[in-house]
Amino acid sequence: MIVLRNDSDLQLLLKKWQRILKLDAWRIKARICRISEMNDANAQGENTWVLAVRQSDIHILDASDFPADSLFEQDMEKTLVHELLHLHFAPFEPEDTDGLEFCAMEQTVELLANLLVQMERRENCSIDVGKIAEAICSPFKQAALNPSLVSDLDIHKGIDV
């Protein structure tokens, strides 16, 4: 578990993960925020972006505001990676945050964030986390750059099963 005590530590992690996740073309600001500054009091992190100009503003919940009765460990690095991964999914972000598509996207981003952070922390790991991140995110970048690749899908309406 990583708990960050100041914004300079957060900036070091941001730079590291921005490189690993191939987000160097983005202008990203990240800061540690108290719960009163968050838009969602239940969130560990928030990300507001402008896709057209590749700008992002990330808020990570201050460790002093972590719920004492939480069943799960709070990890600020994992939260940062989760929020950064959203930038790869941004072109496909569902409008309805209560729908199944949004839930599936959040679960996918959370799974990938956990996996990437765990792999990065493993000692003597011979797997290149940067290459894995690139392989995961590459299809999304290609689809965002060439919408005709997904022209048969209406991402915001979903698929009837």
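Only a predicted model underlies this, so the values are computations on that prediction, with no experimental measurement involved.
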**Message:** Hydrogens and angles aside, do Glu106 and His82 bring a side-chain donor and acceptor to less than 3.5 Å of each other?
**Reply:** yes

**Request:** Decide if atom NZ of Lys16 counts as having more than 12 heavy atoms of other residues, nucleotides or ligands within a radius under 6.0 Å.
**Result:** yes

**Complete:** Of all heavy-atom pairs linking Phe89 and Thr108, the shortest is CZ-CG2, 4.1 Å

**Request:** For Thr79 and Leu61, run side-chain contact (heavy atoms from CB on, under 4.5 Å): C-alpha distance rounded to whole Å, both residues' side-chain angles, the deciding distance at 0.1 Å, then the answer.
**Result:** CA-CA 9 Å; Thr79 300; Leu61 183 64; over 6 Å; no

**Asked** Which value, rounded to the nearest 0.5 Å, describes the distance between Leu112 atom CG and His86 atom NE2?
**Response** 10.5 Å

**Item:** Candidate pair Arg54 and Trp49, rule side-chain contact (heavy atoms from CB on, under 4.5 Å), full reasoning
**Value:** CA-CA 7 Å; Arg54 292 184 180 172; Trp49 60 79; over 6 Å; no

**Request:** Locate the shortest heavy-atom distance separating Trp26 from Val50; write the atom from each residue and the value.
**Result:** CZ3-O, 4.2 Å

**Message:** If I take atom CG from residue Leu23 and atom CG from residue Leu85, how far apart are they, to the nearest 0.5 angstrom?
**Reply:** 8.0 Å

**NE2-CZ distance between His59 and Arg34, expressed to the nearest 0.5 angstrom** = 14.5 Å

**Asked** Is it true that a side-chain atom of Glu46 and a backbone atom of Asp40 form a donor plus acceptor pair closer than 3.5 Å?
**Response** yes

**Request:** State yes or no: do Leu51 and Met105 share one hydrophobic cluster built from I, L, V, M, F, W and Y residues joined by side-chain heavy-atom distances below 4.5 Å, directly or via other members?
**Result:** yes

**Asked** Charged N to carboxylate O under 4.0 angstrom, Asp7 versus Arg31?
**Response** no

**Prompt:** Taking all atoms of both residues into account, what is the closest heavy-atom pair of Asn47 and Ser56, and its distance?
**Reply:** OD1-OG, 2.6 Å

**Met119 with Leu21, same ILVMFWY side-chain cluster at under 4.5 Å** = yes

**Sub-4.5 Å side-chain heavy-atom contact between Val109 and His88** = no

**Asked** Do you know which of Gln44, Glu110, Glu83 makes side-chain hydrogen bond (donor to acceptor under 3.5 Å, both in side chains) with Lys78?
**Response** Glu110

**Fill in**
When every non-hydrogen atom of Asp9 is compared with those of Asn6, the smallest separation belongs to N-OD1, 2.8 Å

**Request:** Let me see the working for Glu101 and Phe92 under side-chain contact (heavy atoms from CB on, under 4.5 Å), right down to the final yes or no.
**Result:** CA-CA 10 Å; Glu101 293 161 329; Phe92 313 103; over 6 Å; no

**Request:** Output the distance between atom CD1 (Ile28) and atom CD1 (Ile58), rounded to the nearest 0.5 Å.
**Result:** 5.5 Å

**Rounded distance [0.5 Å steps], CE in Met76 versus CZ in Phe66** = 5.0 Å

**Prompt:** Considering all heavy atoms of both residues, which atom of Ala43 and which atom of Met38 are nearest to each other, and what is their separation?
**Reply:** O-CE, 3.7 Å

**Request:** Identify the heavy atoms of Asp24 and Gln18 that sit nearest to each other, and give their distance.
**Result:** OD1-O, 3.7 Å

**Prompt:** Under a 4.5 Å side-chain heavy-atom rule over Ile, Leu, Val, Met, Phe, Trp and Tyr, are Leu87 and Phe102 clustered together?
**Reply:** yes

**Request:** Rounded to the nearest 0.5 Å, what's the gap from CG on Leu84 to CD1 on Ile20? Could you check?
**Result:** 10.0 Å

